[in-house]
Amino acid sequence: MKTIRIKRPKKFSDPFGDFSEGELERILAKDDEKLDALDFKNIFQSFLPAGTYEECLYFVPVFLGYIEGFHRNIDKFYDYELEFAISEAIENFLSWVKDSHADLCRESQYDWIIIRLCDLLNSILSEFVLIKIEGDHIVPLFDSWVEVFVVGALDQLSMTPLKAILQNKLLASESYSNSAWLLDICSYSRRADNLGIWSCTSLWEYKAKHDALAIIFSHLRSNDEQLCKIFWERSFSSIILSAIA
């Protein structure tokens, strides 16, 4: 894991006065490996980070190692609520990277951060695994993370490499996972239309959409997994509605 050649801060400056007394001290009292999603969410809080650029910069490789470790060890331990909490921390982190873009570039820190984020997104999009949560609700694993990356790639100009990953990966619809993610993003986010994944007024006019649907239907015909069939049966109505909206 890359380390930043600055010392761990002894205190957070709280430049915007947004945290209560003792809140930031409790974060710094933890060892790096004990920090959790809420801690990172606060450190990189959107528009109101816990510290100065230099104070937050120390925790960048710590945070990236944390989310990569959660993704890598998903088979050993999984908690949907924790996944969602981490997605909020990722959202704040992307905002911090955007706001710190000039400083990161000046100090040659930006490129390696984006490479790590792109590697993580690539890895997530390579699999489409469904899980059941809250009784009968079915969602793709890391769905909340992908949504954050989609929004970040669209709304934050410094995230152009992430946008390229989404475009290249999702438009390469030769695989079930690529096609599934493409349609899933379409079902919950009309932002995909602006992202450049689809360039036509009607999503149905774009060949990639038809190709993706064909691959999903083929997968369903050859796959007896009930969870998969239920998910796509529920999803197709929202996909159609988003296509004609």
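As the structure is a prediction and not an experimental result, all values here were calculated from the model. When reading the values below, keep in mind they use all heavy atoms of this one structure, side chains included, and skip hydrogens, waters and symmetry mates.
The CZ atom of Phe142 sits 8.0 Å away from the CD1 atom of Ile86 when rounded to the nearest 0.5 Å. Going from atom CZ of Phe149 over to atom OG of Ser144 covers 10.5 Å, rounded to the nearest 0.5 Å. If you take CD1 on Ile215 and OG on Ser177, they are separated by 9.5 Å, rounding to the nearest 0.5 Å. Expressed to the nearest 0.5 Å, how far CG of Leu141 lies from CG of Leu130 amounts to 9.0 Å. From Cys228, atom SG reaches atom CD1 of Ile216 across 7.5 Å, with rounding to the nearest 0.5 Å. Of the inter-residue distances, the one linking Arg234 atom CZ with Ile138 atom CD1 reads 4.5 Å to the nearest 0.5 angstrom.
A heavy-atom distance below 4.5 Å is not found between the side chains of Phe231 and His137. No side-chain heavy atom of Tyr110 sits less than 4.5 Å from a side-chain heavy atom of Ser100. A 4.5 Å side-chain heavy-atom check between Ile6 and Leu57 finds at least one atom pair inside the cut-off. Inter-residue side-chain proximity for Ile113 and Leu117 is flagged as met; some heavy-atom pair is nearer than 4.5 Å. Side-chain contact check for Phe40 versus Phe93: every heavy-atom pair is 4.5 Å or farther apart. Gln109 is not listed as a side-chain neighbour of Val60, based on a closest heavy-atom distance of 4.5 Å or more.
Within 6.0 Å of CD on Glu127 lie no more than 12 heavy atoms contributed by other residues, nucleotides or ligands. Around CZ of Phe84, the count of heavy atoms belonging to other residues, nucleotides or ligands within 6.0 Å does not exceed 12.
Hydrophobic clustering of Ile, Leu, Val, Met, Phe, Trp and Tyr side chains at less than 4.5 Å, counting indirect connections, keeps Ile67 apart from Leu38. Follow the hydrophobic side-chain contacts under 4.5 Å out from Val129 and you reach Ile124 in the same cluster. Under the 4.5 Å side-chain heavy-atom criterion for ILVMFWY residues, no single connected hydrophobic cluster contains both Tyr66 and Ile115. Hydrophobic clustering (ILVMFWY, side-chain heavy atoms < 4.5 Å, transitive): Leu48 and Tyr53 are in distinct clusters.
Taking the six-membered ring where the residue is Trp, Tyr176 and Phe128 present perpendicular rings, their angle passing 60° and hence far from 30°. Ring geometry, Phe63 versus Phe44: the interplanar angle falls from 30° to 60°, so the pair is classed tilted.
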Using residues 9-21 as the side-chain source, report each donor-acceptor pair under 3.5 Å to any protein atom, sequence neighbours left out, with the distance given to one decimal.
residue	atom	partner	partner atom	Å
Ser13	OG	Glu55	OE1	3.2
Ser13	OG	Glu55	OE2	2.6
Asp14	OD1	Gly17	N	3.2
Asp14	OD1	Asp18	N	2.9
Asp14	OD2	Asp18	N	3.4
Asp14	OD2	Phe19	N	3.3
Asp18	OD2	Gln45	NE2	2.5
Ser20	OG	Glu23	OE1	3.1

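Shortest non-hydrogen contact noted between Ala89 and Ala37 is CB-O, 3.7 Å. Contact record, Leu82 with Phe70: CD2-CE1, 3.5 Å, taken as the closest heavy-atom pair. For Arg8 against Asp32, the heavy-atom pair with the smallest separation is NE-OD1, 2.8 Å. The minimum heavy-atom distance linking Ser46 with Asn92 is given by the pair OG-OD1, 2.9 Å. The shortest non-hydrogen separation linking Leu125 to Trp181 is O-CD1, 3.4 Å. Closest non-hydrogen pair, Trp145 versus Ser87, comes out as CD1-CB, 3.6 Å.
Between Asp119 and Arg116 there is no salt bridge, since none of the side-chain N atoms of the basic residue sits less than 4.0 Å from a carboxylate O of the acidic one. A salt bridge is absent between Lys41 and Asp36; no separation between the charged side-chain nitrogens and carboxylate oxygens falls under 4.0 Å. For Lys34 and Asp39, the salt-bridge test fails: no basic side-chain N is under 4.0 Å from an acidic carboxylate O.
Asn178 and Ser175 share a donor-acceptor pair across their side chains, judged by distance under 3.5 Å alone.
Ser222 contributes a side-chain N or O that, together with a main-chain N or O of Ser218, makes up a donor-acceptor pair within less than 3.5 Å. The main-chain N or O of Gly22 is found under 3.5 Å from a side-chain atom of Glu25 such that the two form a donor-acceptor pair. Judged by distance alone, the side chain of Asn223 and the main-chain N or O of His219 form no donor-acceptor pair under 3.5 Å.
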Inset, instruction - Kindly determine whether Phe59 and Leu35 satisfy side-chain contact (heavy atoms from CB on, under 4.5 Å), including the steps that lead there. - result: CA-CA 10 Å; Phe59 293 96; Leu35 295 172; 3.8 Å; yes

